[in-house]
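What you see is a predicted model; the values in this text were computed from it and never measured.
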Amino acid sequence: MEPTDETCRQEELAEVMRRRLEKLEQLRRSEEPFKFRFSPRDPINSLQEKYAELPAGEETEDVTRVAGRIMGLRRHGKATFCDLVDFGDKIQLLASVDGLGEERYQSFGMLDVGDWLGVEGTIFRSKRGELTVRISSYELLSKSLRPLPEKWHGLRDVETRYRQRYVDLLVNPEVRDALITRTRTIKALRRFLDERGFIEVETPMLQPIPGGATARPFVTYHNALDMQLYLRVAPELYLKRLIVGGLEKVYEINRSFRNEGISIKHNPEFTMLEFYWAFVDYMDLAGFLEEMLATVVREVNGAMRLEYQGRPLEMSPPWRRVTMLDAVAAATGQEISFERSLDDLRELARGYEVPSEAAWGKGKIITELFEKTVEPTLFEPTLVMDYPKEVSPLARIHRSNPELTERFELIVANRELANAFSELIDPIDQRERFNKQAELRRQGDEEAQFVDRDFLRALEIGMPPTGGLGLGVDRLVMLLTDAPSIRDVILFPHLRPE
RNA sequence: GCGCCCGUAGCUCAAUGGCAGAGCAGGGGACUCUUAAUCCCAAGGUUGGAGGUUCAAGUCCUCCCGGGCGUACCA
């Protein structure tokens, strides 16, 4: 983009901007309109706290320096009230001929809503009860050239909110609140794991073989190495290598990328927590997950009861546990087991508008039936236990049923929030599972997993019994912020270029 | 991908197929405790883009661009 062209075009289009550019030029003749610093200063929230008890109409001699963005101007001839905001906190300023003198008051009139301003003055509380700084001196810190959205209705246009998140953040406080809830959630997760001896690590996002999830990857290219690379769909296989390497408790909170459709629940890049813990199995993980989320919800939300999209959502453990087979049996009123024939199950699935593909086995059909008939009914937290082997190529075979794995998912508000299993540590079995996936891939399944020979080599070195868990952080934050869309908890959701 | 809906001034929104409007912001003026300040005046538009139907299109039709929701794939 050519800045001059863009500026000229704007000049023709927007009178507001043309006038501000003129002001800027005029200012440049007497001062630098983009200052280097304004320090020291008092944060506005600290002043609001310090003077919370100051009664209306009461003056102080206390001198303060504050800096922030002008979010409102109310001019009354020889006095002007001004709303100044820093980090979301507001304080009122009073500029007057009395306080500034004719000349400085005159040039105060050059300021616009949106400008960054630094002032010095004394604190008082106005007759109407507003904490106010009586300005004795001020300086423009940075000139704003574009107008902000209307003060009352704000910025509503969804597209503009996503594209110009910097404006959205200024005028829609709930965006800032959601962002803060997000960082508090992630900090609470970190603290919980750190306190229990987990080590945070970072593993490759650029991977020669994308593994750890059944999903289509993004493809990219490394010039110097002349090779294709993939953006990771999960950190799983690398974290498990670390377990092999003797790091017995590891976790990573970071982005993964999946080349799939965008929806209210899906962004192409999303944040996942994955942790791996040696010597425990999936039953241990189930209890640990309950404790972890209970702790996080209590820390971030205060109470264990949330409200999500108009419905009460009780997060207190213990959560309901049900096996996938029992859940599907209950939903269909039929006995669900691997004793039934493939055709039989296929016929049943058809009855629920689940058209099964030729390559699907019994496990896949049952899982699809689950997603169609059960998942939409699970609002309160539910641990769905024992997923079929066919759809779980990295999970260990169930100790009491070879068709199943020791795997559970946590479903909350009709969506998958976490996924965990007793890890498959048998290299011979893992090789067979990879080969099966490779076969599906040859048959055209683009989401089937790749054979990762180095990962197999790691398993052959020897991996201890391990439990591993992945948690969708964005989705957890959605619950905690009552957000209908994942875009509400991601600062810059993916959009097509303007 | 597919289906439905939306796109009008900087922002928020109006306008039976019949002269494109309002509030806020911005401009000029009055005003020294206001806070959605108030009052007076003036200005602001290629109705997302390109075609078409019509005496006449913001409005109807086709295509394109962007967005939202649903659906499919998935966490």
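- Phosphate contact (OP1/OP2 of C11(B), side-chain N/O of R156(A), threshold under 4.0 Å): absent.
- The residue G72(A) sits apart from the nucleic acid: no heavy atom pair falls under 4.0 Å.
- Across all strands, G154(A) comes closer than 4.0 Å only to sugar-phosphate atoms, never to a base (heavy-atom distances).
- In terms of position along RNA chain B, the nucleotide closest to F124(A) lies nearer the 5' end than the nucleotide closest to the other residue of the pair F124(A) and M272(A).
- A salt bridge links E423(A) to K240(A): one of the charged nitrogens lies within less than 4.0 Å of a carboxylate oxygen.
- Salt bridge R20(A)/D112(A): present, at least one basic N to carboxylate O contact under 4.0 Å.
- Ranking C73(B), U34(B), G66(B) by closeness to the E368(A) side chain, first place goes to C73(B).
- At a cut-off of 3.5 angstrom, the base of U34(B) holds no donor-acceptor pair with the side chain of E130(A).
- Within 4.0 Å of N267(A), counting heavy atoms only, lies at least one base atom of the nucleic acid.
- Contact annotation for R258(A): base contact, defined as any heavy-atom pair under 4.0 Å involving a base atom.
- Taking the C1' atoms as reference points, A14(B) lies 30 Å from G29(B), given to the whole Å.
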Under 3.5 Å, which donor-acceptor pairs do the side chains of residues 131-138 of chain A form with other protein atoms, sequence neighbours left out?
{"unit_1": "T132(A)", "atom_1": "OG1", "unit_2": "Q92(A)", "atom_2": "NE2", "d": "3.0"}
{"unit_1": "T132(A)", "atom_1": "OG1", "unit_2": "E130(A)", "atom_2": "O", "d": "2.8"}
{"unit_1": "R134(A)", "atom_1": "NH2", "unit_2": "E59(A)", "atom_2": "OE1", "d": "3.4"}
{"unit_1": "R134(A)", "atom_1": "NH2", "unit_2": "E59(A)", "atom_2": "OE2", "d": "2.6"}
{"unit_1": "S136(A)", "atom_1": "OG", "unit_2": "E120(A)", "atom_2": "O", "d": "3.1"}
{"unit_1": "Y138(A)", "atom_1": "OH", "unit_2": "R104(A)", "atom_2": "O", "d": "2.8"}
{"unit_1": "Y138(A)", "atom_1": "OH", "unit_2": "S107(A)", "atom_2": "OG", "d": "2.9"}
{"unit_1": "Y138(A)", "atom_1": "OH", "unit_2": "F108(A)", "atom_2": "N", "d": "3.0"}

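- Pair assignment for U59(B) gives none, since no Watson-Crick or G-U wobble pairing has each distance under 3.5 Å.
- Using atom C1' as the reference point in both A56(B) and G17(B), the two lie 8 Å apart (nearest Å).
- No engagement by E274(A) is indicated, since no non-hydrogen atom pair under 4.0 Å with the nucleic acid exists.
- Applying the Watson-Crick and G-U wobble criteria (two distances, each under 3.5 Å), G21(B) pairs with C13(B).
- U71(B) and G44(B) have their P atoms separated by 47 Å, given to the nearest Å.
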- line: Going 5' to 3' through nucleotides 23-32 of chain B and flagging B where a protein heavy-atom sits under 4.0 Å of the base, S where only the sugar-phosphate is that close, and - otherwise, we get BBSSS---BB
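- Checked by atom type, the side-chain pair E102(A)/Q106(A) shows no donor-acceptor distance below 3.5 Å.
- For the C1' atoms, the distance from G3(B) to C55(B) is 37 Å, rounded to whole Å.
- Y162(A) places its OH atom 18 Å from the P atom of G7(B), with the value rounded to the nearest Å.
- Among residues two or more places apart in sequence or in another chain, the salt bridge (Lys or Arg N to Asp or Glu O under 4.0 Å) test is passed with E291(A) by R196(A).
- Residue contacts shown for R487(A) are limited to sugar-phosphate atoms, with no base heavy atom under 4.0 Å away.
- Comparing the P positions of A57(B) and A22(B) gives a spacing of 23 Å, expressed to the nearest Å.
- Within 6.0 Å of CZ on R258(A) lie more than 12 heavy atoms contributed by other residues, nucleotides or ligands.
- A salt bridge is absent between E307(A) and R311(A): the closest approach of a Lys/Arg side-chain nitrogen to an acidic carboxylate oxygen does not fall below 4.0 angstrom.
- If you check every strand for non-hydrogen atoms under 4.0 Å, E416(A) touches sugar and phosphate atoms only.
- Ion pairing between E25(A) and K23(A) fails under the 4.0 Å rule for side-chain N and carboxylate O.
- Comparing atom distances between the R163(A) side chain and each of U34(B), G67(B), C69(B) picks out G67(B) as nearest.
- Nucleotides U8(B) and G70(B) place their P atoms 23 Å apart, quoted to the nearest Å.
- In this structure G66(B) sits in a base pair with C6(B), meeting the Watson-Crick or G-U test at under 3.5 Å.
- Rounded to a whole angstrom, the distance from the C1' atom of G26(B) to that of C65(B) is 30 Å.
- In this structure, of G70(B), C73(B), U34(B), it is G70(B) that holds the atom nearest to the side chain of I264(A).
- Ion pairing of E159(A) with R163(A) is present here, as a side-chain N (NZ or NE/NH1/NH2) and a carboxylate O approach within less than 4.0 Å.
- Look at the C1' atom in both U53(B) and A15(B): the space between them is 22 Å, to the nearest Å.
- Distance from the side chain of K127(A) is smallest to C33(B) among C33(B), G66(B), G70(B).
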